[in-house]
Colleague: 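Can you keep this structure in mind? I'll have questions shortly.
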Amino acid sequence: MSDIRHSLLRRDALSAAKEVLYHLDIYFSSQLQSAPLPIVDKGPVELLEEFVFQVPKERGAQPKEQTKDSVRQIIFSSLFSPQGNKADDSRMSLLGKLVSMAVAVCRIPVLECAASWLQRTPVVYCVRLARALVDDYCCLVPGSVQTLKQILSASPRFCCQLITSVTALYDLSSDDLIPPLDLLEMIVGWIFEDPSVLQVLMMLPVHLTEKNLYGRLGLILFDHMVPLVEEINRLADELNPLNASQEIELSLDRLAQALQVAMASGALLCTRDDLRTLCSRLPHNNLLQLVISGPVQQAPHAALPPGFYPHIHTPPLGYGAVPAHPAAHPALPAHPGHTFMSGMTFPFRPIR
């Protein structure tokens, strides 16, 4: 079809339209000899639009850009995908320097390639890149974290993947694996400005249900919650003599809200008994008690009926029991649980 188009471009509009119809007659006659119903390809349709309906075409502009992006992604992946050999150390060192420089000069194409790399690369390598960036922008030069903070508007995908990698890096198992304050403040600022890192959990039920994985695939491992709760408990014990009750209460509120969203969306699979055991050593918190004691109120969507109660949750004692005299009691709501308020503010106050 490209040869025909070049020929048509040298003709006037009327003769070009006649020529298109002539070639299409030959084209479809040939197809009818091999198939009862001809297949209309993209090429003939484009010729009709351009030379019969006179719709101007900017041919090659968009596909060229898409091809350029694809080639860039392939080259980046070929350069930096771990191969499990001795070259991986040099590969990761060069990648850290490249991405750090891309952050410094706000080079969006490199940041987008790095975001894709972080998304499909094993976590052991992702945390190495995260460590390199944290060292460059949060540890080596005071105040340089502002440079890293400003890339949110340039590449939200990269920021999202970096948050995930940083979360995997700082598992709170030692003093070296506790995130620096500058990094925490930066991530909180990102989430305030663009809360879609958070909103993805609210979309999980629909996607998991579509793939028949709701209640079967836990995206947040319960084992990962254990060191987090233990660290909160340790910090609460340390801060208790310092009259930091408000800070402790705020931390427990945030933990309760995170647990509720994770369980209600199906991202965290555990029983109420497991959750009670895990949180039993924490200081008392009203919101946390509601979360670990009451049923989860599901967000309604097409795949599940309103008020759906997943089998993974254990109802509190006495819930659902039939009273001795049903007529004497008013009708109970299906789920008297605490509902997460997505619009609630999340003030971040560093503990000093």
Side-chain angles (χ1 to χ4, degrees), residues 163-164 167-168 170-173 177-178 191 197-209 213-240 245-301 304-321 332-342 344 346:
I163 291 175
T164 303
T167 303
Y170 293 103
D171 62 1
L172 310 177
S173 60
L177 295 179
I178 296 176
I191 294 175
V197 177
L198 296 178
Q199 294 171 353
V200 66
L201 285 176
M202 306 303 293
M203 298 184 291
L204 272 180
V206 175
H207 296 297
L208 291 176
T209 303
L213 293 174
Y214 186 79
R216 301 168 58 192
L217 177 64
L219 301 182
I220 301 176
L221 298 181
F222 183 75
D223 290 343
H224 291 175
M225 299 299 302
V226 175
L228 174 62
V229 173
E230 290 178 348
E231 181 65 15
I232 293 176
N233 186 59
R234 184 186 69 81
L235 291 174
D237 288 341
E238 291 182 1
L239 293 173
N240 194 43
S245 58
Q246 291 184 351
E247 286 78 6
I248 296 174
E249 188 78 6
L250 179 62
S251 298
L252 295 175
D253 283 346
R254 297 298 172 259
L255 174 65
Q257 291 168 329
L259 286 173
Q260 185 188 38
V261 174
M263 294 181 69
S265 63
L268 175 63
L269 305 185
C270 66
T271 65
R272 295 290 178 183
D273 289 337
D274 291 336
L275 202 57
R276 292 189 192 101
T277 302
L278 177 64
C279 299
S280 60
R281 298 178 58 188
L282 291 173
H284 177 80
N285 176 270
N286 291 333
L287 183 56
L288 186 59
Q289 289 300 313
L290 283 173
V291 172
I292 66 178
S293 299
V296 173
Q297 177 67 41
Q298 295 293 324
H301 54 80
L304 296 175
F308 176 76
Y309 193 88
H311 63 84
I312 58 173
H313 300 301
T314 303
L317 294 177
Y319 180 78
L332 296 176
H335 289 286
H338 177 77
T339 302
F340 176 73
M341 299 299 182
S342 59
M344 186 178 296
F346 279 60

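These numbers were taken from a predicted model, which means no experiment stands behind them. All residue numbers refer to positions in the sequence shown, counting from 1.
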Colleague: Minimum heavy-atom separation for L269 to G266, with atom names?
Modeller: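 The answer is CD2-O, 3.6 Å.
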Colleague: Does any non-hydrogen side-chain atom of I232 lie less than 4.5 Å from one of I248?
Modeller: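 No, every pair of side-chain atoms sits at 4.5 Å or beyond.
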Colleague: CG/L239 to CD/Q246 distance, rounded to the nearest 0.5 angstrom?
Modeller: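 The CD atom of Q246 is 13.0 Å from CG of L239, to the nearest 0.5 Å.
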Colleague: Side chains of residues 218-231: which donor-acceptor pairs under 3.5 Å do they make with residues two or more places apart or in other chains?
Modeller:
unit_1	atom_1	unit_2	atom_2	d
E231	OE1	R234	NE	3.2
E231	OE2	R234	NH2	2.4

Colleague: If we only count heavy atoms from C-beta on, is the R272 to S293 side-chain gap below 4.5 Å?
Modeller: no
Colleague: Would you tell me whether D274 and T271 have side-chain atoms, one donor and one acceptor, within less than 3.5 Å of each other?
Modeller: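 Looking only at side-chain atoms, T271 and D274 do form a donor-acceptor pair, the distance falling under 3.5 Å.
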Colleague: Looking at every heavy atom in both P283 and A236, which two are closest together, and how far apart are they?
Modeller: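 Here P283 and A236 meet closest at CG-CB, 3.9 Å.
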Colleague: Any chance you could measure L235, atom CG, to N240, atom CG, to the nearest 0.5 Å?
Modeller: 12.0 Å
Colleague: Between atom CD1 of I191 and atom CD1 of I163, what is the distance when rounded to the nearest 0.5 Å?
Modeller: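 Output value for this atom pair is 5.0 Å.
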Colleague: How many angstroms lie between atom CG of L282 and atom OG of S251, to the nearest 0.5 angstrom?
Modeller: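 If I round to the nearest 0.5 Å, the distance is 10.5 Å.
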Colleague: Before giving the answer on side chain to side chain contact (heavy atoms under 4.5 Å, CB included), spell out for V291 and L255 the whole-Å C-alpha distance, their side-chain angles and the decisive distance to 0.1 Å.
Modeller: CA-CA 10 Å; V291 172; L255 174 65; over 6 Å; no
Colleague: For the side-chain contact (heavy atoms from CB on, under 4.5 Å) test, which of Q257, E249, R254 pairs with L287?
Modeller: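 Of all the options given, the one that passes is Q257.
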Colleague: About how many Å separate CD1 of I292 and SG of C270, when rounded to the nearest 0.5 Å?
Modeller: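 It is 10.5 Å, given to the nearest 0.5 Å.
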